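Each chain gets a letter, A, B and so on, in the order the sequences are listed, and its residues count up from 1. Heavy-atom basis, side chains included; hydrogens, waters and symmetry copies ignored. Everything numeric in this text was worked out from a predicted model, so none of it was measured.
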Number of protein chains: 2
Amino acid sequence: MFMKEKCERVNPEQIENLLQKAPAAENITRMSAVFQALQSNTRLKILFLLRQKEMCVCELEQALEVTQSAVSHGLRTLRQLDLVRVRREGKFTVYYIADEHVRTLIEMCLEHVEEKT
Amino acid sequence: MFMKEKCERVNPEQIENLLQKAPAAENITRMSAVFQALQSNTRLKILFLLRQKEMCVCELEQALEVTQSAVSHGLRTLRQLDLVRVRREGKFTVYYIADEHVRTLIEMCLEHVEEKT
DNA sequence: TTAGTATATGAACAGTTGTTCATATGTTCA
DNA sequence: TGAACATATGAACAACTGTTCATATACTAA
């Protein structure tokens, strides 16, 4: 098998070294899944509401003006990636932001987009 | 028009207040686009390489083992959202991470997924 | 100018996603 | 126990995405 031609900037050893220091393939895939979850307007709105106050499904439904089904599906996605967590409270299911990483994540992104005028 | 029935936890005034403190619809949409860009394995790998060292397209091509076209398309997406920036250097086009927000963003996500054993 | 290298772009196709509708499950209280 | 409320889930369809292929553009050196 022939090696592909390399341009003069390419240093195979250095690239090998950089690849070793990069996250494992498995974690890249997990991160993809997390960002994938954060890529929906509905799910982002849910997170920015939960960031202020934990809420049950019907509160979110009221606030977001989408169907209960859509909220529930969205919450499941967030839950499966441990971006939000759940607590039962009588007949209500109360959702809240899982941890500070999640807050920082969405806040960094907000700052990034707010920066552009 | 009838108001939808509300569950006892719903406080319309409070919800109104929470909505006002949430990011504007425009910024939610921008964030969606950013997270959407971060949701691809290829683009994530690009960012985690650029995080270590600025690189030209052919270096990335070598490192990622995808076609030059895929790298270039990926870089365009990242560039359009100001996640990476470009500098011409002779015949090479050198890409680098745009700013600290972007570093923090991907590092928070990595920490989040690394936490789960 | 021309050849060769480096990068960008458009089209197109397979694969993936978010929503809604319909329905199921779970909880409370009378 | 049953009625009413709260939440979850499965199916299905339209819309969107990432890659490749083919080709265009840009820069350099001879």
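Candidate nucleotides C/dT28, C/dA11, D/dA8 were compared by shortest atom distance to the side chain of B/His73, and C/dA11 ranks first. Closest approach to the B/Ala70 side chain among C/dA6, D/dG10, D/dT20 is made by D/dT20 (side chain taken as heavy atoms from C-beta onward). Picking from D/dA6, D/dG18, D/dT9 the nucleotide with the shortest atom distance to the side chain of A/Phe92 gives D/dA6. Side chain of A/Cys58, nearest nucleotide from D/dG18, D/dT7, C/dA6: D/dT7. Closest contact between the side chain of B/Ser69 and the listed nucleotides C/dT7, D/dT20, D/dT17 involves D/dT20. With C/dA8, C/dT17, D/dT17 as the choices, the nucleotide that has an atom nearest any side-chain atom of A/Gln36 turns out to be C/dT17. Checking D/dG18, C/dA8, D/dT7 against the side-chain heavy atoms of A/Val57 singles out D/dT7 as nearest.
Distance B/Met55 CE to C/dA6 P: 14 Å, rounded to the nearest Å. At whole-Å resolution of the value, CD in A/Glu61 and C1' in D/dA6 are 9 Å apart. Put simply, CG on B/Leu60 is 12 Å from C1' on C/dT7, counting in whole angstrom units. Between the CZ atom of A/Phe35 and the P atom of D/dG18 there is a distance of 14 Å, rounded to whole Å. Atom P of nucleotide C/dT9 and atom CD of B/Gln80 are separated by 8 Å, given to the nearest angstrom. Going from atom CG of A/Leu75 over to atom P of C/dT19 covers 12 Å, rounded to whole Å. Nucleotide D/dA15 holds its P atom 17 Å from the CG atom of A/Asn41, rounded to whole Å. What separates CG of B/Leu64 from P of D/dT20 is a distance of 11 Å, to the nearest Å.
Under 4.0 angstrom from either OP1 or OP2 of D/dA6 there lies no side-chain N or O belonging to A/Thr93. A close approach under 4.0 Å does not occur between any side-chain nitrogen or oxygen of B/Arg76 and OP1 or OP2 of D/dT19. Neither OP1 nor OP2 of D/dG18 sits under 4.0 Å from any side-chain N or O of B/Thr42. Considering only side-chain N and O atoms, B/Tyr95 lies nowhere under 4.0 angstrom from the phosphate OP1 or OP2 of C/dA6. Note on A/Arg79: a side-chain N or O is less than 4.0 Å away from OP1 or OP2 of D/dT9. Using a 4.0 Å cut-off, some side-chain N or O of B/Arg43 falls inside it from OP1 or OP2 of D/dG18.
The closest donor-acceptor contact from the side chain of A/His112 to the backbone of B/Asp99 lies at 3.5 Å or more, if one exists at all. The backbone N or O of A/Glu100 lies less than 3.5 Å from a partner atom in the side chain of A/Thr104, making a donor-acceptor pair.
Side chains of A/Phe92 and A/Glu59 form no contact here, defined as non-hydrogen atoms less than 4.5 Å apart. Side-chain contact between A/Leu105 and A/Leu47 is absent, with no heavy atoms from C-beta onward closer than 4.5 Å. Using a 4.5 Å cut-off on side-chain heavy atoms (C-beta onward), A/Gln20 and A/Glu16 make contact.
Between A/Arg9 and A/Thr67, it is A/Arg9 whose nearest contact on DNA chain C lies nearer the 5' terminus. Between B/Arg88 and A/Ser72, the residue anchored nearer the 5' end of DNA chain D, judged by the nucleotide with its closest heavy atom, is A/Ser72.
B/Gly74 comes within contact range of no nucleotide atom at all, as no heavy-atom separation falls under 4.0 Å.
Scanning atom types as modelled, one donor and one acceptor separated by under 3.5 angstrom connect the side chain of B/Gln68 and the base of C/dA8.
Note on ring orientation: taking the six-membered ring where Trp is involved, the planes of A/Phe35 and B/Phe35 are parallel (angle under 30°, cut-offs 30° and 60°).
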